[in-house]
Amino acid sequence: MLSAKEAGITVKKNEDFSDWYTQVVLKAGLADYAPVKGFIVLRPYGYAIWESIRDILDKRFKETGHQNGFLPVLIPESLLAREEDHFAGFTPEVFWVTKAGNNDIGERLALRPTSETLAYSIFSKWITSYRDLPLKINFWNTALRAEIKATKPFVRTSEFLWQEGHTVHATKEEAEEEVRMILDIYRELIEDYLAVPAIRGYKSEKEKFVGAEYTTTLEGMMADGRALQMGTSHHLGQNFSKPFDIKYLGRDTAEHFAWQTSWGVSWRLIGAIIMVHGDDKGLILPPKVAPIQLVIVPIHKDKDAELVKGKAAELAAELKSAEIRVHLDDRDEYTSGWKFNEWEMKGVPLRINLGPRDIEKGQVEFVRRDSREKVLSERGKAIETANLLLGKVQSDLFVRAKSLLDSHVTRPANYEEFKKTLDGKGGFVPAGWCGNPECEVRIKEETGADIRVIPFDQAGMPENCILCNAPSKKLAYFGRAY
RNA sequence: GGGGUCGUUGUCUAGCUUGGUUAGGAUGCCAGCCUUGGGCGCUGGAGGUCGCUGGUUCGAAUCCGGCCGACCCCA
């Protein structure tokens with residue numbers, strides 16, 4: 001017999017977080033390793049989660065005036081190099097194509113690490129007048145960035161699924177409004193759908209997107225005390241429109257360089273869901289993005305099989321008609337106990353155990369994945385109860401994740417405490433910062449922590465820089481990150 | 001950037017120190033029976049170029065080199 005220990009997740013989340021994470025990814029059937037370092041294969045269950053995320057965002061992007069397009073994966077070096085900072089930032093992790101068959105290619109071609117340069121060289125042809133603006137395009141694709149070390153499924157891979165949005169505007173104000181609006185859509189996705197609370201703010205000059213004027217970000221906190229960047233929205237100013245010659249004739253009959261934004265989230269968000277919500281039994285999916293929201297496990301002896309299966313199918317059909325994503329697990333080859341464990345590992349937020357005694361009593365037994373609490377409902381109120389419980393799981397996951405975040409924000413009295421906190425439980429350490437990149441770099445060298453986010457909400461900014469003690473200019477959240 | 005651990009069937013692993021077996025076991029898989037309220041039971045069966053590659057040797061999973069991949073620690 002296979003003990004529960006061997007079949008399921010064999011380590012505890014709080015004892016070996018890294019191994020636990022990998023086991024959940026593999027055993028819940030989300031992804032598998034590919035033969036090339038840093039690449040993973042997304043399995044249907046994992047892809048279904050990505051589809052949920054994609055559908056939510058795609059709808060919001062379209063509602064706010066964006067259209068989807070598609071760009072090739074190869075970018076000539078000359079284009080990638082046109083904006084200097086951008087090129088310098090990305091070049092260490094670019095994969096290059098140098099051959100076509102056996103022949104050398106004259107100019108080497110980059111596998112896109114991001115599409116700004118390619119997109120903008122095209123945009124410049126499309127935009128000539130203020131009437132062509134704003135231009136708001138999104139791409140659902142992958143990006144390739146060679147990760148030399150420390151790869152981790154979803155969180156750090158050499159190729160990742162993402163969306164990258166690129167917009168062009170007539171004025172700076174309009175571009176900045178776009179940056180804010182997109183960050184808000186990301187906040188909605190991450191907090192209201194993925195149930196992961198995040199801190200919103202700016203990246204420091206050192207950490208911003210290379211080539212941007214500034215970067216806004218959403219930073220989440222994982223269960224092991226490490227921060228995760230969950231989404232970024234960049235104001236590019238005219239940094240790209242100038243080298244890429246994106247100009248328009250305004251109403252004033254004069255020629256102007258355009259203002260731009262770019263923004264993206266990736267399948268990293270799946271990593272965040274796992275790390276924030278999962279437990280020793282495996283994955284826990286927020287109902288709003290779960291491919292299967294409710295699984296029905298029929299329980300029966302031979303003599304009851306027909307009856308129970310019939311009733312289970314009826315119940316499944318009824319719940320489906322109420323727009324609940326239901327799966328009826330009527331496999332005969334597995335026992336109910338096996339199924340309980342399997343669906344828990346796969347993180348299905350709600351389960352119904354349906355057996356003869358429930359049918360006899362006219363009741364339905366629900367089991368919540370997050371708390372494993374059992375709730376009995378009258379048969380006639382199954383839809384109502386299912387919706388209620390799915391809502392509760394969704395909101396309780398957020399509450400629990402919020403307290404995880406809150407308990408990992410520690411204000412240090414001095415630099416000693418700052419270091420001690422980072423070496424101990426980790427998390428975010430909010431501190432005063434003089435604004436000097438030298439302090440930022442030294443803190444990174446001495447503690448491994450960098451500025452994750454400079455929150456929009458600057459309330460409670462300490463008077464002095466945590467390191468050099470000069471008057472502080474910013475309240476910055478430091479932390480070690482993935 | 002520096003240091004370390006590991007790779008045997010789908011999965012987990014024994015064997016490696018001290019070279020020679022039919023590479024053993026568990027689980028999973030397949031067939032049949034039996035079962036389903038927390039990873040049931042019985043019987044039979046299939047599944048391995050021991051990560052790849054070169055070397056040492058009469059003989060390599062085992063010893064040596066290179067490469068590929070996974071993971072950990074430090075900066």
Distance check needed: [N] [atom2] versus [X] [atom1], whole Å only.
X: A:Leu26; N: B:U11; atom1: CG; atom2: C1'; result: 10 Å
X: A:Arg331; N: B:G28; atom1: CZ; atom2: P; result: 14 Å
X: A:Ile359; N: B:U36; atom1: CD1; atom2: P; result: 15 Å
X: A:Asp332; N: B:A31; atom1: CG; atom2: C1'; result: 16 Å
X: A:Asp304; N: B:U36; atom1: CG; atom2: P; result: 9 Å
X: A:Asp329; N: B:G37; atom1: CG; atom2: C1'; result: 15 Å
X: A:Lys27; N: B:U11; atom1: NZ; atom2: P; result: 12 Å
X: A:Glu147; N: B:G1; atom1: CD; atom2: P; result: 13 Å

Item to complete: May I ask you to say whether A:Glu373 pairs ionically with A:Lys392, meaning some side-chain N is under 4.0 Å from a carboxylate O?
Response: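 A:Lys392 and A:Glu373: not salt-bridged.
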Any [X] side-chain N or O less than 4.0 Å from OP1/OP2 of [N]:
X: A:Thr335; N: B:C40; result: yes
X: A:Tyr334; N: B:C29; result: yes
X: A:Ser336; N: B:G37; result: yes

Using the [atom1] atom in both, what is the distance from [N] to [M], to the nearest Å?
N: B:U62; M: B:U8; atom1: P; answer: 13 Å
N: B:C42; M: B:A26; atom1: P; answer: 11 Å
N: B:G48; M: B:G15; atom1: C1'; answer: 14 Å
N: B:A60; M: B:G19; atom1: C1'; answer: 6 Å
N: B:U21; M: B:U17; atom1: P; answer: 13 Å
N: B:U5; M: B:C63; atom1: P; answer: 14 Å
N: B:G4; M: B:G65; atom1: P; answer: 13 Å
N: B:C50; M: B:C12; atom1: C1'; answer: 15 Å

Discussion item. If I take atom CH2 from residue A:Trp50 and atom CD1 from residue A:Ile270, how far apart are they, to the nearest 0.5 angstrom?
Written reply: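 Answer for the CH2-CD1 pair, A:Trp50 versus A:Ile270, is 6.5 Å.
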Fill in: Spacing of CD1 belonging to A:Ile9 relative to CE belonging to A:Met345, to within rounding of 0.5 Å
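One gets 5.5 Å once the value is rounded to the nearest 0.5 Å.
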Worksheet item: Quick one, which residues of residues 362-376 of chain A touch RNA chain B with a heavy atom under 4.0 Å?
Response: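 Under 4.0 Å from RNA chain B: A:Glu365, A:Arg372.
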Worksheet item: Heavy-atom contacts under 4.0 Å between residues 348-358 of chain A and RNA chain B, which residues?
Response: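 Result for residues 348-358 of chain A: A:Arg351, A:Asn353, A:Gly355, A:Pro356, A:Arg357, A:Asp358, sorted by number.
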For [X], check ring-ring contact (aromatic ring centres under 6.0 Å, His included) against everything at least two apart and list the hits.
X: A:Tyr45; value: none
X: A:Phe139; value: A:His166
X: A:Phe87; value: none

If the condition is salt bridge (Lys or Arg N to Asp or Glu O under 4.0 Å), which residues does [X] pass it with, not counting sequence neighbours?
X: A:Arg372; answer: A:Glu344
X: A:Glu191; answer: A:Arg187
X: A:Arg156; answer: A:Glu147

Worksheet item: A:Asp406: what forms a side chain to side chain contact (heavy atoms under 4.5 Å, CB included) with it, not counting sequence neighbours?
Response: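 Applying side chain to side chain contact (heavy atoms under 4.5 Å, CB included) to A:Asp406 gives A:Lys402.
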Fill in: Residues that A:Ser52 engages under side chain to side chain contact (heavy atoms under 4.5 Å, CB included), provided they are two or more places apart
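In terms of side chain to side chain contact (heavy atoms under 4.5 Å, CB included), with neighbours along the sequence ignored, A:Ser52 is linked to A:Val289.
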Could you please name the partner base of [N], counting Watson-Crick and G-U wobble pairs only when both distances are under 3.5 Å?
N: B:C50; result: none
N: B:C6; result: B:G69
N: B:A26; result: B:U11
N: B:G41; result: B:C33
N: B:U21; result: none

Discussion item. Would A:Lys339 and A:Tyr334 count as a cation-pi pair here, with the cationic atom under 6.0 angstrom from the ring centre and within 45° of the axis?
Written reply: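 Pair A:Lys339/A:Tyr334 does not count as cation-pi.
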N/O-N/O pairs, protein side and nucleotides 67-75 of chain B side, under 3.5 Å:
unit_1 : atom_1 : unit_2   : atom_2 : d
B:G69  : OP1    : A:Lys37  : N      : 3.3
B:A70  : OP1    : A:Gly38  : N      : 3.0
B:A70  : O3'    : A:Tyr33  : OH     : 3.4
B:C71  : OP1    : A:Tyr33  : OH     : 3.0
B:C71  : OP2    : A:Thr151 : OG1    : 3.4
B:C72  : OP1    : A:Ser18  : OG     : 2.1

Worksheet item: Got a sec, which pairs hit ring pair (Phe, Tyr, Trp, His ring centres under 6.0 Å) with one end in residues 288-321 of chain A, sequence neighbours left out?
Response: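 Every pair satisfying ring pair (Phe, Tyr, Trp, His ring centres under 6.0 Å) with a residue in residues 288-321 of chain A: there are none.
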Worksheet item: Could a donor-acceptor pair under 3.5 angstrom be found where the side chain of A:Glu342 meets the base of B:G39?
Response: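 Under the 3.5 Å cut-off, the side chain and the base do not form any donor-acceptor pair.
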Worksheet item: With under 30° as parallel and over 60° as perpendicular, where do the rings of A:Phe39 and A:Phe95 fit, or are they tilted in between?
Response: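 Judged by the thresholds at 30° and 60°, the geometry between A:Phe39 and A:Phe95 is tilted.
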Worksheet item: A:Trp338 has a side chain; which of B:G39, B:U35, B:G38 sits nearest to it?
Response: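 Side chain of A:Trp338 sits closest to B:G39.
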Worksheet entry | Touch class at under 4.0 angstrom, heavy-atom based, for A:Lys281 against every strand present |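 Contact class for A:Lys281: base.
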